[in-house]
Amino acid sequence: MYPPIRLLDHIIKGRGTTPTRWIRCIITRFRTKFLNAAAATESCTAVNKNSHSSSSLIVDEFTRFCYQRDLPRAIHALHSMQKYKLWADSITYSELIQCCLARRAIHHGRLVHKHLFSYGHRPKTFLMNILLNMYVKFKLLEEAQALFDQMPDRNVVSWTTMIAAYTNATMLRDKAFQFLILMLRDGITPNMFTYSSVLRACNGLPSLRQLHSSIMKTGLDSDVFVRSALIDIYSKLGELHDALRIFNEMVTGDLVVWNSIIGAFAQNTDGDEALNLFRRMKRAGFLADQATLTSTLRACTGLALLELGRQVHVHVLKFHRDLILDNALLDMYCKCGSLKDANSAFTRMGEKDVISWSTMIIGLAQNGFSREALQLFESMKASGTKPNYITVLGVLFACSHAGLVEDGQFYFQSMRKCFGIDPGREHYGCMVDLLGRAGKLDEAVNLIHEMECEPDAVTWRTLLGACRVHRNTDLAIYSAKQILNLESKDAGTYVILSNIYANSQRWEDVAQVRRVMRDQGVRKEPGCSWIEVNKQIHAFILGDMSHPQIEAINMELNQLIRRLKELGYVPDTDFVLQDLEGEQKEDSLSHHSEKLAIVFGMMSLSREKTIRIRKNLRICGDCHLFAKLLAKMEHRNIVIRDPVRYHHFSSGVCSCGDYW
DNA sequence: TTAGGGTTAG
């Protein structure tokens with residue numbers, strides 16, 4: 001027998017002493033934890049031998065059922081106690097309430113609450129806190145608040161429970177701060193529990209810095225919970241330097257703090273740093289858990305590192321099924337453009353939630369399988385999973401990227417009625433895209449004017465993109481001006497505007513745009529493409545000659561272009577964003593970063609391997625044509641991921657059907 | 001004896 005149990009048995013059997021009910025409960029609880037329910041029952045029976053009154057028997061029986069976690073019997077016994085106006089001790093009730101929580105039995109929880117307050121009886125603060133926590137965990141904040149208002153004595157736990165409750169309710173985060181102030185006015189000192197909760201409620205740097213300095217004064221910033229909350233909130237507010245500084249100041253880690261900092265970089269699209277930290281963590285001797293792997297997968301997803309992602313997948317298999325991790329794995333395969341792996345991961349999932357379905361729908365749509373995405377959406381509805389804001393966005397995205405105008409309009413018009421989702425700015429954006437791509441520019445403009453919320457720069461950029469495709473100069477200039485009113489330093493828009501003027505030979509306007517760009521210090525982000533070869537990431541930037549094999553790559557590229565021209569390839573110079581002429585125009589196109597990356601991939605990877613490229617800007621028409629023809633001529637599979645979607649090139653065609 | 005931090009889809 002576990003040694004402390006012997007000692008407890010010694011106490012229980014008593015040598016003449018009768019343990020108080022409180023001690024007996026502790027013993028029963030101890031036995032439940034370390035032995036089993038039968039042993040707990042045995043110790044209750046041992047206690048009962050000393051009890052003679054029937055009321056004591058009823059209470060003891062209730063106690064036993066509570067510790068055995070036999071909810072129906074415990075509730076049944078509770079009714080008897082209620083009839084005889086009997087009460088058990090606080091710890092027994094706390095066991096019962098925890099049991100109600102675990103079984104999601106709110107009805108029984110409310111019954112216990114009623115019992116505790118019947119006949120003018122008032123439970124201790126400790127027990128009221130347990131009840132408070134129960135309502136919070138059931139997300140019944142109004143009931144929690146009502147109970148809190150009734151409490152004659154509120155201690156630091158009562159206040160912290162409410163603060164944590166409001167922090168978790170995103171819409172009510174301001175209340176968490178108000179409660180901290182009220183708590184201080186009430187003379188209650190916050191502790192590490194309070195701070196680790198309230199930190200997440202900070203919505204801006206000033207409030208965070210102020211709170212951080214109060215925490216520093218108490219010295220509680222050394223607490224690991226407070227520290228990881230600090231790292232997390234600084235990174236969520238985009239202050240990664242502060243997050244990393246707090247992390248580095250730490251003397252010893254624990255796993256969650258590592259997870260905080262890895263998650264911070266993975267979410268802030270700095271996957272490289274996240275992966276570096278992951279390696280550092282492993283060197284420091286920590287074993288990754290589900291949260292670590294989820295963040296690591298997200299970093300792979302952001303960087304489109306399929307091979308590394310597959311390695312993480314091997315680690316994932318060592319763990320029990322975890323829905324969040326499974327979803328991250330699914331997204332990784334979708335975003336790395338490997339739909340085959342994504343499909344098998346999706347099929348193998350034990351449990352699927354709205355995120356799993358949405359990830360797969362969006363993944364299919366982005367990879368050019370719009371019809372399949374819509375079919376999956378129908379299966380999702382049939383499975384009983386309710387679509388949300390993002391699911392519908394994925395569905396509309398699928399329609400707009402395949403020119404399915406009627407389907408898109410149907411889903412858009414029925415989303416409120418069928419799924420109870422109000423169309424947001426992003427849904428309108430998808431519709432503007434859908435109509436714009438299909439050449440229905442007037443309808444797209446009308447829709448923008450009908451929007452229930454203000455259009456933003458993204459909405460206008462969508463329209464501008466459609467204007468470029470359908471060569472509507474006037475509307476393009478109008479859209480560009482709308483964008484620049486909202487975002488005066490948007491480099492891409494200036495470049496497009498100057499290009500539109502150049503195509504219309506309006507050289508004075510071109511000069512004017514260039515002048516504004518110079519005066520405002522606007523610089524266009526250079527095109528950059530990445531490719532993973534032998535676990536190394538190779539970056540190609542337009543105009544950058546630093547890659548060690550750049551000369552060989554350029555020679556190979558020029559040769560390929562010559563051979564493609566013999567087969568009828570004509571560079572599409574419409575995409576040149578400068579007012580250059582003839583040969584020069586063609587030359588600036590021929591060194592777009594994705595072309596360099598593709599050629600490098602061809603030189604480095606065996607023919608059966610897919611060449612996978614990720615790039616920071618959208619692919620231009622000329623590179624698209626180049627990739628299609630090259631895929632055919634060289635019998636290669638090429639996948640290019642741009643910031644919006646994927647292009648799978650094979651046998652001279654692209655999965656996007658030249659519609660993007 | 002009760003309360004706290006990190007992980008997934010646009």
Side-chain angles (χ1 to χ4, degrees), chain A residues 22 25-26 29 89-95 97-98 123-134 136-137 154-165 167-168 190-200 220 223-233 235-236 247 254-264 266-267 288-299 301 322-332 334-335 349 352-363 365-366 387-397 424-427 429-430 458 644:
Chain A
W22 193 81
C25 289
I26 299 267
R29 187 185 165 100
D89 64 284
S90 303
I91 299 172
T92 305
Y93 288 119
S94 80
E95 286 287 327
I97 295 167
Q98 303 293 357
K124 289 191 225 170
T125 304
F126 156 70
L127 199 47
M128 292 217 205
N129 286 341
I130 306 253
L131 274 177
L132 202 60
N133 180 50
M134 176 189 80
V136 167
K137 294 286 148 66
R154 299 161 187 145
N155 60 19
V156 62
V157 178
S158 331
W159 284 100
T160 303
T161 305
M162 290 310 290
I163 287 174
T167 303
N168 286 328
N191 62 15
M192 59 279 248
F193 286 83
T194 325
Y195 286 131
S196 59
S197 283
V198 79
L199 271 167
R200 286 171 53 225
L220 288 171
D223 179 84
V224 283
F225 283 76
V226 175
R227 189 168 285 257
S228 60
L230 276 167
I231 291 171
D232 193 51
I233 189 69
S235 67
K236 287 211 165 72
F247 175 78
D254 96 334
L255 183 62
V256 176
V257 185
W258 279 99
N259 287 348
S260 298
I261 196 76
I262 293 171
Q267 282 170 52
D289 71 358
Q290 280 106 325
T292 328
L293 294 178
T294 306
S295 289
T296 309
L297 277 172
R298 184 163 167 162
T301 306
D322 179 278
L323 184 57
I324 297 178
L325 187 48
D326 278 349
N327 285 344
L329 196 62
L330 180 65
D331 191 42
M332 184 274 291
C334 286
K335 296 287 192 306
M349 281 176 82
K352 295 184 184 86
D353 66 357
V354 62
I355 296 185
S356 330
W357 288 98
S358 308
T359 304
M360 197 65 223
I361 289 169
I362 293 160
Q366 287 181 327
N388 67 12
Y389 188 96
I390 294 171
T391 324
V392 179
L393 215 51
V395 169
L396 296 179
F397 181 96
R425 186 179 286 136
E426 291 148 306
H427 297 106
C430 273
V458 179
V644 180

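The sequence lines fix the lettering, A, B, ..., with proteins before strands; numbering per chain opens at 1.
- Spacing between atom CG of A:Leu127 and atom P of B:dA3 amounts to 13 Å, rounded to whole angstrom units.
- In this model, the phosphate group of B:dT8 is approached by a side-chain N or O of A:Gln267 to a distance below 4.0 Å at OP1 or OP2.
- Counting only distance, with no hydrogens or angles, the side chain of A:Ser94 and the backbone of A:Ile91 share a donor-acceptor pair below 3.5 Å.
- Residue A:Lys352 is out of contact with every strand shown, counting any heavy-atom pair closer than 4.0 Å.
- Rounded to an integer number of Å, the gap from A:Leu230 CG to B:dG4 P is 18 Å.
- Here A:Lys352 pairs with nothing under the salt bridge (charged side-chain N to carboxylate O under 4.0 Å, His left out) rule; sequence neighbours left out.
- Atom CG of A:Asn133 and atom C1' of B:dT1 are 13 Å apart (whole Å).
- Among the atoms of the strands shown, only primed sugar atoms or phosphate atoms (P, OP1, OP2) are found under 4.0 Å from some heavy atom of A:Arg298.
- A distance-only check finds no donor-acceptor pair linking the side chain of A:Ser295 to the backbone of A:Thr292 [under 3.5 Å].
- Between the A:Asp254 side chain and the A:Val257 main chain, a donor and an acceptor come within less than 3.5 Å of each other.
- Counting to the nearest Å, the P atom of B:dA9 and the CZ atom of A:Phe397 are 16 Å from each other.
- Counting distance only, with no hydrogens placed and no angle test, the side-chain atoms of A:Ser197 and the base atoms of B:dG4 include no donor-acceptor pair under 3.5 Å.
- Counting to the nearest Å, the C1' atom of B:dA3 and the OH atom of A:Tyr195 are 15 Å from each other.
- The base of B:dG5 has none of its N or O atoms less than 3.5 Å from a complementary donor or acceptor on the side chain of A:Ser196.
- Put simply, A:Lys236 has no side-chain N or O that comes within less than 4.0 Å of OP1 or OP2 on B:dG5.
- In this structure, A:Asp326 atom CG and B:dA9 atom C1' are separated by 14 Å, rounded to whole Å.
- Of the side-chain N and O atoms in A:Lys137, one or more sit less than 4.0 angstrom from OP1 or OP2 of B:dG4.
- For A:Asp353, taking side-chain heavy atoms from C-beta onward, the closest of the listed nucleotides B:dT7, B:dG4, B:dT8 is B:dT8.
- Below the 3.5 angstrom threshold, one finds no donor paired with an acceptor across the side chain of A:Asn191 and the base of B:dG4.
- In this structure, the side chain to side chain contact (heavy atoms under 4.5 Å, CB included) partners of A:Ser90, at least two apart in sequence or on a different chain, are A:Lys124, A:Phe126, A:Leu127.
- Judged by distance alone, the side chains of A:Asn191 and A:Asp223 never bring a donor and an acceptor atom under 3.5 Å apart.
- Between A:Ile130 atom CD1 and B:dA3 atom P there is a gap of 6 Å when expressed in whole angstrom units.
- Looking at the side chain of A:Gln98, the nearest of the listed nucleotides B:dT7, B:dG4, B:dT2 is B:dT2.
- Rounded to a whole Å, the NE2 atom of A:His427 is 13 Å from the C1' atom of B:dA9.
- Candidate nucleotides B:dT8, B:dG5, B:dG10 were compared by shortest atom distance to the side chain of A:Val256, and B:dG5 ranks first.
- Listed nucleotides B:dT8, B:dT7, B:dG5 differ in distance to A:Ala328; the shortest reach to its side chain belongs to B:dT8.
- Among the heavy atoms of the strands lying under 4.0 Å from A:Asn388 is at least one base atom, whether or not backbone atoms are also near.
- Listed nucleotides B:dT7, B:dG4, B:dG5 differ in distance to A:Ser228; the shortest reach to its side chain belongs to B:dG5.
- Just one residue in the list A:Leu329, A:Asp322, A:Leu325 forms a side-chain contact (heavy atoms from CB on, under 4.5 Å) with A:Leu293, and that residue is A:Leu325.
- Candidate nucleotides B:dA3, B:dG5, B:dT1 were compared by shortest atom distance to the side chain of A:Ile91, and B:dT1 ranks first.
- At the heavy-atom level, A:Ser260 lies under 4.0 Å from the strands shown only through sugar-phosphate atoms.
- Among the heavy atoms of the strands lying under 4.0 Å from A:Leu393 is at least one base atom, whether or not backbone atoms are also near.
- Each of B:dA3, B:dG5, B:dG10 was ranked by its minimum atom distance to the side chain of A:Val224; first place goes to B:dG5.
- When distances run from any side-chain atom of A:Phe193 to the nucleotides B:dA3, B:dT7, B:dG10, the shortest one goes to B:dA3.
- Using a 4.0 Å heavy-atom criterion, one finds that A:Ser358 contacts the bases of the nucleic acid, with or without backbone contacts as well.
- The side chain of A:Ala229 lies closest to B:dG5, out of B:dG4, B:dG5, B:dA3.
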